[in-house]
Amino acid sequence: MRRPTARALAGVPALIAAAVVTPLAAPFPAAADSVVIGGYEVRAEESPWVVALASPDRFGPTRGGQFCGGVVVAPTTVMTAAHCLSTAVLGKDAASVRDLQIIAGRSELAGDGGQEVPVRKTWITPKYDPVTNSADMALLTLAEALPADHVLPVASEGDPAYEVGTAATVYGWGDTRGDGSYASSLRAARVSVLPDGTCASAYPGGRTSRYQRSTMLCAGDPQGGHDACQGDSGGPLIAGGRLIGLVSWGSGCGRPDGPGVYTRVSAVAPPLAGAAS
Ligand code: ARG
């Protein structure tokens with residue numbers, strides 16, 4: 001920036017300068033310190049149920065090949081979003097991605113901590129509708145069992161954690177600003193369960209996607225600024241120590257008018273053999 005310009009701006013009272021310089025920024029309060037949007041750093045060692053889904057062949061080795069999130073729901077089972085396994089994401093059928101793996105217990109994707117476990121089998125719920133993203137849930141069977149303390153219990157129908165206003169936390173290595181700034185370390189953001197009506201009016205269908213309360217869950221920050229974003233998909237939304245949702249979709253990231261839409265796991269998950277209770 002040329003010095004005279006900088007000087008001139010410095011003389012403008014801060015409030016006016018902000019209004020002049022960042023009018024478009026107001027609806028997108030996603031700040032520099034976001035994660036997931038508006039988040040904080042967490043240690044994967046302390047949140048061992050969060051895993052990264054990775055394919056270094058397809059996504060490159062820099063961030064361990066991470067492209068989605070997932071959550072350990074039984075020692076050999078990871079739950080994720082069905083759309084993470086689509087050919088649009090993987091470039092081919094999930095079964096033919098030879099190096100599909102999960103990374104557990106590694107905060108820094110570039111590091112070599114934690115455990116890489118190959119995925120032996122993928123299963124997408126037959127309820128999944130790729131057009132509407134309804135029932136966006138898949139299960140991955142791991143080639144080796146993870147320790148039992150990695151397993152997160154899944155909420156069942158009627159769980160009070162689904163009540164509007166419940167505080168919840170979303171985890172992921174996704175975009176922290178909505179501009180392709182992917183996080184290198186695991187982050188979390190605090191959101192709350194929002195009324196179905198909020199997402200139903202934000203996403204009425206037609207030109208936007210349609211929110212379906214039977215298979216989806218609405219969560220976010222009514223003021224904006226705290227949300228999941230691209231790359232967080234499949235990662236967990238947790239309340240009361242239980243898995244209540246999976247990051248699925250939304251309009252932009254961290255926008256007050258674009259709440260996060262999550263998979264309602266209580267409605268979509270099958271009974272999980274060997275899961276913690
Ligand atoms: N579809 C995105 C993914 O594949 C997740 C987007 C979530 N967006 C949001 N605003 N909560 O990573």
Side-chain angles (χ1 to χ4, degrees), residues 27-31 34-39 50-55 58-59 63 65-71 78-91 94 100 102 109 124 128-138 140 168-183 186-194 196 198-199 202-203 208-212 215-239 244-265:
F28 309 97
S34 354
V35 182
V36 187
I37 303 286
V50 194
V51 300
L53 238 65
S55 165
R58 165 105 178 131
F59 299 96
R63 298 174 64 260
Q66 187 271 348
F67 64 97
C68 265
V71 52
V78 163
M79 191 179 283
T80 186
H83 82 261
C84 289
L85 302 180
S86 66
T87 47
V89 170
L90 295 177
L100 190 63
I102 63 97
L109 288 175
I124 294 180
Y128 175 55
D129 180 346
V131 176
T132 59
N133 253 320
S134 174
D136 192 5
M137 199 277 300
L140 313 175
T169 309
V170 58
Y171 295 78
W173 286 268
D175 196 336
T176 59
R177 291 200 298 236
D179 63 359
S181 317
Y182 290 97
L186 179 61
R187 302 184 67 98
R190 294 208 173 93
V191 295
S192 56
V193 174
L194 300 176
D196 286 318
T198 303
C199 276
Y203 306 117
T208 73
S209 308
R210 189 169 67 86
Y211 178 77
Q212 287 174 252
T215 56
M216 300 175 186
L217 171 66
C218 190
D221 171 0
Q223 266 79 57
H226 298 86
D227 194 7
C229 199
Q230 305 333 309
D232 291 322
S233 277
L237 178 69
I238 298 177
I244 61 167
L246 304 170
V247 177
S248 183
W249 57 279
S251 164
C253 300
R255 297 169 49 160
D257 59 346
V261 181
Y262 294 78
T263 311
R264 188 180 288 271
V265 292

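Note that ligands are numbered from 1 as they come in the structure, with each ligand's atoms numbered from 1 the same way. We're numbering straight along the sequence, starting at 1.
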Atoms in ligand 1 flagged as close to G260, the criterion being non-hydrogen separation under 4.0 Å: 11 (N)

Taking every non-hydrogen atom, the tightest pair across G234 and C84: N-SG, 4.3 Å

Closest approach of M79 to M137 (non-hydrogen atoms, all atoms of both residues): CG-SD, 3.6 Å

D232-Y171 side chain donor-acceptor pair, cut-off 3.5 Å: no

Whether R255 lies under 4.0 Å from ligand 1, heavy atom: no

Side-chain donor/acceptor of T176 to backbone N/O of S181, under 3.5 Å: yes

Structural part of C84 in contact with ligand 1, heavy atom criterion under 4.0 angstrom: neither

Ligand 1 atoms in contact with V247 (distance to a heavy atom under 4.0 Å): 5 (C), 7 (C)

Minimal non-hydrogen separation, V191 against A219, with atom names: CG2-CB, 4.3 Å

Check: G231 N/O within less than 3.5 Å of ligand 1 N/O: yes

Contact (N/O only, under 3.5 Å) between S251 and ligand 1: no

Atom indices of ligand 1 within 4.0 angstrom of D232 heavy atoms, with elements: 12 (O)

Shortest protein heavy-atom distance from atom 2 (C) of ligand 1, along with the residue and atom involved: S233 OG, 2.7 Å

Any T215 side-chain heavy atom under 4.5 Å of T132 side chain: no

Heavy-atom nearest neighbour in the protein, as seen from atom 6 (C) of ligand 1, with distance rounded to 0.1 Å: Q230 OE1, 3.7 Å

Close approach of S248 to ligand 1, heavy atoms, under 4.0 angstrom: yes

Candidate list D136, N133, V247, L217, test side chain to side chain contact (heavy atoms under 4.5 Å, CB included), partner T263, passing option: D136

Closest approach of any protein heavy atom to atom 9 (C) of ligand 1, naming residue and atom: A228 O, 3.3 Å

D227 N/O under 3.5 Å from ligand 1 N/O: yes

Those atoms of ligand 1 less than 4.0 Å from some heavy atom in H83: 1 (N), 3 (C), 4 (O)

Distance-minimising heavy-atom pair for L85 and A138: CD1-CB, 3.7 Å

Whether C68 lies under 4.0 Å from ligand 1, heavy atom: no

4.5 Å side-chain heavy-atom contact, Y262 and V170: yes

